[in-house]
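Below, each value reflects all heavy atoms present in this structure, side chains not excepted, and no hydrogens, waters or symmetry copies. Within every chain, numbering begins at 1; the chains are lettered A, B, ... in the order of the sequence lines, protein sequences first and strands thereafter.
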There are 2 protein chains.
Amino acid sequence: MPAQPSHNPPPVTPDPGPEALRADARENRERILRAAREAYALHGIDVPISAIARRAGVGVATLYRRFPTRTSLITEAFTEQLTECAGALDEALEDPDPWRGFCTVLRKVCAMQAADRGFTHAFLARFPGDTAYAGERDRAEEGLALLVRRAKEAGALRPDFDVSDVVLTLLANNGVANGAGPQAAAASRRLVGYLLESFRAGPATGPLPQPVGLELDRLGGTG
Amino acid sequence: MPAQPSHNPPPVTPDPGPEALRADARENRERILRAAREAYALHGIDVPISAIARRAGVGVATLYRRFPTRTSLITEAFTEQLTECAGALDEALEDPDPWRGFCTVLRKVCAMQAADRGFTHAFLARFPGDTAYAGERDRAEEGLALLVRRAKEAGALRPDFDVSDVVLTLLANNGVANGAGPQAAAASRRLVGYLLESFRAGPATGPLPQPVGLELDRLGGTG
DNA sequence: GGGTAAACGGATGACCCTCTCCATTTAGCC
DNA sequence: GGCTAAATGGAGAGGGTCATCCGTTTACCC
């Protein structure tokens, strides 16, 4: 649907969208995102913008024209992984064995956390006034609650497990992923192994400390 | 043993030690340490030196005269807590029930982590070329290994538990402590509750992922 | 009380990071 | 091939932190 040639005035070009860009600009946009993902995965979320620009082979101004603020770049860079997480949850929900689905999704997301230094930061960080992920997050919370309920009803997940314990797991895994250096992946696997054993319904488990109402959006690094 | 009055030349005054300071200087030194501990506990280890100096009511230069580098201040500020940890371990070793001692020391150290934002950072951070804690650390590793062996021999700790799983626990707890904000303490308690259940020797536990040889001194934040 | 060396603190330099400006280059269309 | 608007990139403003310098103040000893 080609537009009228002479005047088709978008009010203030609020967000042209990547498709409306000139070919070279779109190419550069992709290069920037790739460079950002690599840099975040390797060095965490604190890498300077200039380093990303250098890695992408573009000037700083180019980066800023495409991603006006630091957080907009981070948001965009991790959308792919967030989608992957959502996909893992969907798969888990389709598994006829809810406990297996539960284990699989936790293992998968934790492995992603361990493989990418920046991912967790982006995943858990509070983006000031940001609603970019809100939709995904709500959907994830619903799906998670459903999965947990099913696993409990199947008698495989302990009854005093709380949905917020998933967030607890992610936070704990985050600590391991960020702290264990080159052994992050292996350490994360072992932690998740321990926790899943704990989560499994068993004969004689004593009372746990109270669950905490951790929510995905109330988490955040240093605030 | 008073020194000769006129000439008793220490080569380059390598480290006068806090006792040799003038009264006001020693007072200020204490004020700085107190302010640093407060600030680190509240805001994490990233607070600027100037903020600590302001909180202590001294100038920046005074702080730097006493603690020439940023890390030297951090090291000194957390020595107290490290000593407390070592004490907790000693108590645990004296407990006739090694499993109870094991649980107590893990609970205690994790609670300290959760209560103090900066503590874990300081505890786990790699201090470049630093050997200040080396002695304490070696002693802690020995004691920990002994405690773990006793708890296994008592049949209370699962046989495939590895000493490095203590570090794993600390890292995981660190993630929770840093991520859960105001609920850090409660979240940490719940995590430790789950993990201790997993660590307890039980009838039918499947194989765990391989242990990782995490060591106290090979850990570190972002490297 | 007076002398002296220790201690003090504000100003300052060096460095790094985020984000902007503008002269120059380049892609897309006729 | 030439025109035009989009896109580019380096230089630099602005803000923040670490660490130092030096003129002034203060504690300690006699």
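We find that CD1 of B:I45 is positioned 16 Å from C1' of D:dT17, with the value rounded to whole Å. The separation between B:I49 atom CD1 and D:dT17 atom C1' is 9 Å, rounded to whole Å. In this structure, CD of A:E30 is placed 17 Å from C1' of D:dA7, rounded to the nearest angstrom. Whole-Å rounding puts the A:Y64 OH to D:dA7 C1' distance at 18 Å. What separates CG of B:L63 from P of D:dC21 is a distance of 17 Å, to the nearest Å. Separating the CG atom of B:D46 from the C1' atom of D:dC18 is a distance of 13 Å, rounded to the nearest angstrom. Rounded to whole angstrom, the span from the NE2 atom of A:H43 across to the C1' atom of C:dC17 amounts to 17 Å. Note: CG (A:L73) to P (C:dC17) measures 16 Å, nearest angstrom.
Here B:T62 reaches the OP1 or OP2 of C:dG9: one of its side-chain N or O atoms lies under 4.0 Å away. Applying the 4.0 Å criterion to OP1 and OP2 of C:dA7, one finds that B:N28 has every side-chain N and O outside that range.
Of all heavy-atom pairs spanning B:R190 and A:D162, the tightest one is NH2-N, 3.8 Å.
Closest to the side chain of B:L21, from the set C:dA7, D:dT17, C:dT18, is C:dA7. With distances taken from any side-chain atom of B:A23 to the nucleotides D:dA27, D:dT8, C:dC8, the minimum falls on D:dA27. With D:dT17, D:dG9, C:dT18 as the choices, the nucleotide that has an atom nearest any side-chain atom of B:P48 turns out to be D:dT17.
In terms of position along DNA chain C, the nucleotide closest to B:R26 lies nearer the 5' end than the nucleotide closest to the other residue of the pair B:R26 and A:R70. When each of A:P68 and B:V60 is assigned the nucleotide of DNA chain C with its nearest heavy atom, B:V60 is the one assigned upstream, toward the 5' end. Summary of the strand contacts: A:R65 and B:V47 both lie near DNA chain D, and taking for each the nucleotide with the nearest heavy atom, the more 5' one is attributed to A:R65.
The existence of a salt bridge linking A:R31 and A:E27 is confirmed by a sub-4.0 Å separation between a basic side-chain nitrogen and an acidic carboxylate oxygen.
Here the two rings, on A:Y194 and B:Y194, have centers that are 6.0 Å apart or farther.
The side-chain heavy atoms of A:T104 and A:E91, taken from C-beta on, include no pair separated by under 4.5 Å.
Counting non-hydrogen atoms under 4.0 angstrom, B:A61 reaches a base of the nucleic acid. Here B:R66 lies in heavy-atom contact (under 4.0 Å) with sugar-phosphate atoms only. Using a 4.0 Å heavy-atom distance criterion, A:R54 is classed as making no nucleic acid contact.
Counting atom types as modelled, A:R22 pairs a side-chain N or O with a base atom of D:dA6 as donor and acceptor under 3.5 Å.
Applying the side-chain contact (heavy atoms from CB on, under 4.5 Å) test to B:E142 and every residue at least two apart in sequence or in another chain returns nothing.
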